[in-house]
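For ligands, and for the atoms within them, numbers begin at 1 and follow the listed sequence. Because the structure is a prediction, the values reported are computed rather than measured.
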Amino acid sequence: MWPDDKRWVYSITYDEGCQALLDNALIMHRRYGVPGHVCLVASQVGVPRDVPGSSYDGMMILSREEIDMLREEGWGASCHGMTHGTITEENWREELLDSRTLLEDTLGTPIPLFCLPGSNHHYDAVLAHAAEAGYDGIMTIYDDTNHRPIEPMRLCRVPLHTQYPGPFFSAFDPFKRIHQAQALGGWIIDYCHCPMPGRPIHPAKDCTLEQLEERFATVCAIGGDEVWLAEPNEVVEWVLRDAGR
Ligand SMILES: [Zn+2]
């Protein structure tokens, strides 16, 4: 079903690629052997984030050198737009195509995946031009496990959060979608931004560092030898190769 007879797949992505990942999340990745992935705004690598209104505005973003170091540890990267703005028929070349070219030049590596900035509201505009802009896949925030046959152009991600807003105030669940992925041979892509010790930067956009560790420990305890801990670019590459066989 998956390479090496794995039964299901687990990935995690960090939108924006804040430098603070190095002081916090990276420790957990090394401890549990999970590769990470950062979704980068192409025009904002190695500089403070400039997206006014964002909970992460002003936070330092990873540099090329720091991303190189993470890539050597198995991490991957994707494009999160040129400006993090809404993608339209008017600006898609800049936000999808020019951004990918810039990010590939900045990082010196191919960027096969696009990650929707903000929300799913502009998914249709992105889908309409993603292939032309050179992408093999789109990561969204539709909350689901990816079931086979995997649709690379509509990859769902599972928000890993401390608490969602009302009316349900959904609490953190380290088991979220694991049994579904296990039963159906699916692929979980967790989504958060920058887990910090003790308190999340934003309760609906992040978990804490302690919750991240609980999530990794749960994935590893339940998954054992049956889970493929993989980075999304690698999984999409495998899916496309498998489809072509
Ligand atoms: Zn974002």
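- Residues Phe175 and Tyr32 are members of one and the same hydrophobic cluster, defined by side-chain heavy-atom contacts under 4.5 angstrom among Ile, Leu, Val, Met, Phe, Trp and Tyr.
- Taking the centre of each ring, His193 and Tyr56 come in below the 6.0 Å mark.
- For Phe114 and His80, the ring centers are positioned 6.0 Å apart or more.
- Taking the six-membered ring wherever Trp is involved, the centroid distance between the rings of Trp228 and Trp187 does not fall below 6.0 Å.
- For an aromatic pair to be called close, the ring centres must be under 6.0 Å apart, and Tyr191 with Tyr14 fails this.
- Side chain to side chain, Thr101 and Glu104 fail the donor-acceptor criterion of an N or O pair below 3.5 Å.
- Within the protein, the number of N/O/S atoms found under 2.8 Å from the Zn ion (ligand 1) is 3.
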